[in-house]
Amino acid sequence: MAHENFLVELRGTTAVVQVNRPKALNALSTAVLTEFSALLDELHKNKTLRAVVLTGAGDKAFIAGADIAEMSAMSPVLALEFARKGQGVTQKIEGLGVPVIAAVNGYALGGGCEIALACDFILASTTAVFGQPEVCLGLITGFGGGVRLAEFVGWPRARELIYSGRRIKADEALRIGLVNRVVEPAQLLQTALAVADEIGANSPLAVKTVKAVMNKIRSEASVAARLDAEARAFSSVFSSFDQREGTKAFLEKRKAQFKGE
Ligand code: DAK
């Protein structure tokens, strides 16, 4: 299948996918997102694949964000559709049966950073620049970036980056845990392919299963853990005097005499 905004190349068992819209620094328009979604469906069907490396064409940008020109004229209804389309792409990346490695070779801003965050992990070149500058444009993150950024760097750092819209370079991204490794630009693809080969040498079934289970645990654990913590806290008061006194007092239609124990 021919792609208008992507270059796709098979290197052994790894698909190297380049977002290729140089005139807009690979910004994500509706057309790019639609094509991206179809491309991920195609990759999903390829049973010989063991990994995907996602990068940007050219040496300037991974993805410079969602398409600002398109967003400038969007109604709230279209914005919702756009956000859903972008979220659909991030979910398909997470749902792919093989790991997706983001090889960030330049600007990864806004929606571009969010796409990198949806990948299994991020490798970066020394020229990479990350940021969530949506608030500088009167926007907010739309492709699930807030939550995923917090998973990578923790809530306080994510808040600071998202509220300030500040851009950070590769060395800071490495320090705060946003990226796993930083290499020279000329080494980036080669490094990503080497990691992909390492993964590809393992049981595809085991890798697929562990990717799925890690994503499942990640998305469910917070809710499950919260519910569990709540249930345990609820149960813990049942060994107290106050619980017995409070419920008893209600049934006896009198004011409870609590002891705080
Ligand atoms: N969209 C559209 N075009 C873009 C673009 C973008 N995000 N980024 C760059 N371009 C275009 C530029 O307009 C320019 O086009 P021409 O003027 O040549 O026609 C061309 O790419 C080259 O860019 P520059 O001339 O600006 O290149 P520089 O090297 O000087 O600067 C830069 C590179 C990356 C620093 C600069 O282009 C820049 O600041 N770009 C914008 C980066 C940015 O703010 N990205 C975040 C966008 S906001 C939501 C869904 C999604 C999102 C939000 C909400 N919902 C629906 C709820 C996501 C939002 C975002 O991603």
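Start at 1 and go down the list; that is how both ligands and their atoms are numbered.
The existence of a salt bridge linking Glu172 and Arg175 is confirmed by a sub-4.0 Å separation between a basic side-chain nitrogen and an acidic carboxylate oxygen. Salt-bridge annotation for Arg50 and Asp197: absent, with no side-chain N of the basic residue lying under 4.0 Å from a carboxylate O of the acidic one. A salt bridge between Glu9 and Arg11 is present, with a side-chain N of the basic residue lying under 4.0 Å from a carboxylate O of the acidic one.
Pairs engaging residues 95-116 under the side chain to side chain donor-acceptor pair (under 3.5 Å) rule: Thr55-Asn105 [sequence neighbours left out].
Under the salt bridge (charged side-chain N to carboxylate O under 4.0 Å, His left out) criterion, Glu245 pairs with Arg254, sequence neighbours left out. In this structure, the side chain to side chain contact (heavy atoms under 4.5 Å, CB included) partners of Ser75, at least two apart in sequence or on a different chain, are Val77, Leu78.
Within 4.0 Å of ligand 1, the residues that place a heavy atom are Lys23, Ala24, Leu25, Ala27, Lys60, Ala64, Gly65, Ala66, Asp67, Ile68, Met71, Ala79, Phe82, Ala83, Tyr107, Leu109, Gly110, Gly111, Pro133, Glu134, Leu137, Ile140, Gly142, Phe143, Arg167, listed by chain and number.
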